[in-house]
Amino acid sequence: PEPVPMRKSRDGVFAATVARARPGTRYKYRIDGRGPFPDPASRFQPDGVHGPSEVIDPAAFAWTDAGWKGPDPDALVIYELHVGTFTQAGTFAAATEALPALADLGVTAVELMPLADFPGERGWGYDGVSLYAPARCYGRPDDLRRFVDAAHRLGLAVLVDAVYNHLGPDGNYLSCFSPYYFSTTHQTDWGTGPNFDGDHSTQVEDFFVENALHWVHEYHVDGFRLDATHAMMDEGERHVLDLLTDRVHEAGDHYGRRTLVIAEDERNLTTLVRPRGAGGFGMDGVWADDLHHQIRRAVAGDKDGYYADYTGSAQDIAETLRKGWFYCGQPSPRRRVPRGTDPAGIAPGRFVVCIQNHDQIGN
């Protein structure tokens with residue numbers, strides 16, 4: 001390895017141009033004598049999250065989806081697809097071959113479970129640490145591009161399940177580069193949350209927002225299911241969800257195709273999906289789990305944990321279907337505090353409902 005010195009720019013970021021670097025070149029960073037560490041914005045980690053990063057040319061792939069206009073949000077039938085378990089091989093290439101079966105099934109959108117590279121060879125993906133690098137156990141970046149290109153040929157949209165509320169503990173090198181990436185005040189159920197509202201948080205927001213744009217620009221994905229947005233804590237002037245949604249929509253407009261941002265959020269907040277002009281974030285949809293919980297209580301009889309808040313009665317199931325979610329501000333028996341907001345006026349198509357999903361099946 002040949003060391004290349006980096007210079008500090010006005011915004012505090014260190015940078016260098018390496019003329020001899022080319023696709024396939026591998027590299028790491030050394031910081032004040034520590035390391036070397038992989039690039040936190042690496043496009044690929046061929047030897048895993050602890051190994052060297054690889055230079056990838058995102059413009060080399062020959063796309064064939066120029067006529068694709070994106071998904072129709074009123075006709076979404078979303079199939080959750082975990083690349084590692086969807087086929088025997090557990091790869092992007094094998095999943096691509098199986099896409100026609102999903103199109104025949106009547107699916108209109110494939111939601112890829114988290115793609116960010118994670119430690120080890122198998123996992124749910126919710127402990128990702130290399131947010132810009134597709135997990136190498138599923139294949140190389142162009143294998144993912146071939147998957148998206150093939151999906152669009154079949155009329156299938158591709159959404160990505162993105163985790164921006166925490167990073168996994170193993171292979172998480174962000175704090176080696178700066179002490180400002182993680183919050184000093186906000187904790188999630190999975191560890192310290194990103195610093196979206198403290199000192200130097202603007203560049204941290206950029207890191208996560210640009211990650212979403214990375215998937216839109218370089219992989220042509222059609223949008224996102226944002227994991228546990230209630231844990232994306234931000235008390236700043238403009239919430240990071242508002243900013244991210246705006247930028248993803250702008251990216252879609254740039255290409256003349258629709259891009260969607262959907263929140264998984266347990267709070268039943270209309271703020272997420274209300275238009276920006278009405279004080280909302282303008283998101284395209286929100287996971288509405290109340291229906292699942294009502295039906296699960298009715299069919300399987302579960303009454304532990306959050307199921308204690310549901311009766312599963314025909315009347316309550318009907319009310320949940322009619323409104324979009326059940327809790328609209330009334331007290332939760334389990335938590336003994338009010339939960340939710342009134343969804344009156346929110347179009348039914350903004351509520352994503354299911355009777356099974358990866359969380360419930362996995363749990």
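These figures come from a predicted structure and were not determined experimentally. Numbering of residues begins at 1 and proceeds along the displayed sequence.
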Would you be so kind as to tabulate the donor-acceptor pairs closer than 3.5 Å made by side chains of residues 94-108, with sequence neighbours excluded?
residue	atom	partner	partner atom	Å
Thr96	OG1	Phe92	O	2.8
Thr108	OG1	Ala75	O	2.8
Thr108	OG1	Val77	N	2.7

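- Looking only at side-chain heavy atoms (C-beta outward), Asp222 and Leu260 stay at 4.5 Å or farther from each other.
- The line from OH of Tyr255 to NE2 of His217 is 5.0 Å long, rounded to the nearest 0.5 Å.
- Under a 3.5 Å cut-off, the side chain of Arg22 and the backbone N or O of Arg20 do form a donor-acceptor pair.
- Side chain of Asn357 to backbone of Gln360: a donor-acceptor contact under 3.5 angstrom is found.
- Judged purely by atom type and a 3.5 angstrom limit, Asp199 has no side-chain atom pairing as donor or acceptor with the backbone of Tyr180.
- Here the side chain of Asn268 pairs no donor or acceptor atom with the backbone of Gly340 at under 3.5 angstrom.
- The CG atom of Leu144 sits 11.5 Å away from atom OG1 of Thr91, with the distance rounded to the nearest 0.5 Å.
- Looking at Asp316 and Thr311, their side chains do bring a donor and an acceptor atom within 3.5 Å of each other.
- A donor-acceptor contact shorter than 3.5 Å links the side chain of Thr259 to the backbone of Val248.
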Starting from the C-alpha separation in whole Å, work towards a yes-or-no answer on salt bridge (Lys or Arg N to Asp or Glu O under 4.0 Å) for Asp143 and Arg140.
CA-CA 5 Å; Asp143 293 326; Arg140 291 186 59 82; over 6 Å; no

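- Every residue two or more places apart in sequence or in another chain was checked for a salt bridge (charged side-chain N to carboxylate O under 4.0 Å, His left out) with Arg10, and none qualifies.
- Listed by chain and residue number, Arg225 satisfy the salt bridge (charged side-chain N to carboxylate O under 4.0 Å, His left out) test with Glu264 (two or more places apart in sequence, or in another chain).
- A heavy-atom distance below 4.5 Å is found between the side chains of Arg257 and Val216.
- Residues Gly51 and Gln45 come closest through the heavy atom pair O-NE2, 2.9 Å.
- Taking OH of Tyr181 as the start and CD of Gln203 as the end, the distance is 7.5 Å to the nearest 0.5 Å.
- Taking all atoms of both residues into account, the shortest heavy-atom contact from Ala151 to Val158 is CB-CG2, 3.6 Å.
- A donor-acceptor pair shorter than 3.5 Å cannot be found between the side chains of Asn195 and Ser201.
- Not a single donor-acceptor pair under 3.5 Å links the side chain of Thr270 to the backbone N or O of Arg274.
- Annotation: Gln356, atom CD; neighbour count of heavy atoms from other residues, nucleotides and ligands within 6.0 Å does not exceed 12.
- Within a 6.0 Å sphere centred on CD of Gln330, heavy atoms belonging to other residues, nucleotides or ligands number more than 12.
- In this structure, Phe196 has its ring center at least 6.0 angstrom away from the ring center of His239.
- Checking Trp190 against His166 by side-chain atom types alone, no donor-acceptor pair falls below 3.5 Å.
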Kindly indicate, with the supporting measurements, whether the criterion ring-ring contact (aromatic ring centres under 6.0 Å, His included) is fulfilled by Tyr327 and Trp325.
CA-CA 6 Å; Tyr327 279 94; Trp325 51 50; over 10 Å; no

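- Between Tyr219 and His214, the distance from one ring center to the other falls under 6.0 angstrom.
- Looking only at side-chain heavy atoms (C-beta outward), Pro141 and Arg43 stay at 4.5 Å or farther from each other.
- Shown here is Arg34, whose CZ atom has more than 12 heavy atoms of other residues, nucleotides or ligands within 6.0 Å.
- A donor-acceptor pair under 3.5 Å is formed between the side chain of Asp149 and the backbone N or O of Thr64.
- Residues Trp287 and Cys354 have side chains not in contact (no heavy-atom distance under 4.5 Å, counting atoms from C-beta outward).
- Applying the salt bridge (charged side-chain N to carboxylate O under 4.0 Å, His left out) rule to Asp127 yields no partners; only residues at least two apart in sequence or on another chain are considered.
- To the nearest 0.5 angstrom, Arg122 atom CZ is 9.0 Å from Thr85 atom OG1.
- Around atom CD1 of Ile355, no more than 12 heavy atoms belonging to other residues, nucleotides or ligands sit under 6.0 Å away.
- A donor-acceptor pair is defined here as one N or O able to donate and one able to accept, closer than 3.5 Å; no such pair exists between the side chain of Glu205 and the backbone of Leu243.
- Scanning both residues, Thr245 and Gly282, for their nearest heavy atoms gives CG2-O, 3.6 Å.
- Here the side chain of Asp170 pairs no donor or acceptor atom with the backbone of Pro119 at under 3.5 angstrom.
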Determine whether Glu54 and Arg136 satisfy the following criterion, side chain to side chain contact (heavy atoms under 4.5 Å, CB included), listing intermediate values before the conclusion.
CA-CA 11 Å; Glu54 180 179 330; Arg136 82 279 166 207; over 6 Å; no

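- Under a 4.0 Å N-O distance rule, the pair Arg267/Asp265 qualifies as a salt bridge.
- The shortest distance between side-chain heavy atoms of Ser183 and Met233 does not fall below 4.5 Å.
- Between Tyr173 and Phe37, the angle of the ring planes lies from 30° to 60°, which puts this pair in the tilted group.
- Applying the salt bridge (Lys or Arg N to Asp or Glu O under 4.0 Å) definition to pairs two or more places apart or across chains, those involving residues 280-295 are Asp290-Arg339.
- With sequence neighbours excluded, the residues that form a side-chain contact (heavy atoms from CB on, under 4.5 Å) with Ala41 are Asp39, Tyr132, Phe207.
- Using a distance-only test at 3.5 Å, with no hydrogens or angles considered, a donor-acceptor pair links the side chain of Arg350 to the main chain of Met283.
- Atom SG in Cys176 sits 14.0 Å away from atom OH in Tyr29 (nearest 0.5 Å).
- When only modelled atom types and interatomic distance are considered, Asp65 and His220 share a side-chain donor-acceptor pair under 3.5 Å.
- Phe61 and Arg146 make their closest contact through CE1-CG, 3.5 Å (heavy atoms, listed as atom of the first residue, atom of the second, distance).
- Here CG of Leu167 is found 5.0 Å from CZ of Phe182. Values are rounded to the nearest 0.5 Å.
- Heavy-atom minimum distance, Thr271 versus Gly279: CG2-O, 3.9 Å.
- Inter-residue side-chain proximity for Phe208 and Leu131 is flagged as met; some heavy-atom pair is nearer than 4.5 Å.
- Under the 4.5 Å side-chain criterion, counting only non-hydrogen atoms from C-beta, Phe326 is in contact with Glu319.
- Evaluated for a side-chain contact (heavy atoms from CB on, under 4.5 Å) with Tyr164, the options Val209, Asn211, Asp227 yield exactly one hit, Asn211.
- Only one option out of Tyr126, Tyr79, Phe86 pairs with His358 in a ring pair (Phe, Tyr, Trp, His ring centres under 6.0 Å); it is Tyr126.
- Between Ala288 and Gly324 the shortest heavy-atom distance is CB-O, 3.4 Å.
- Residues Thr192 and Gln187 have side chains that bring a donor and an acceptor to within less than 3.5 angstrom of each other.
- Tracing side-chain contacts under 4.5 Å through hydrophobic residues (I, L, V, M, F, W, Y), one never reaches Trp124 starting from Val110; they form parts of separate clusters.
- Side-chain atoms of Arg334 and Arg336, non-hydrogen and from C-beta on, never get closer than 4.5 Å to each other.
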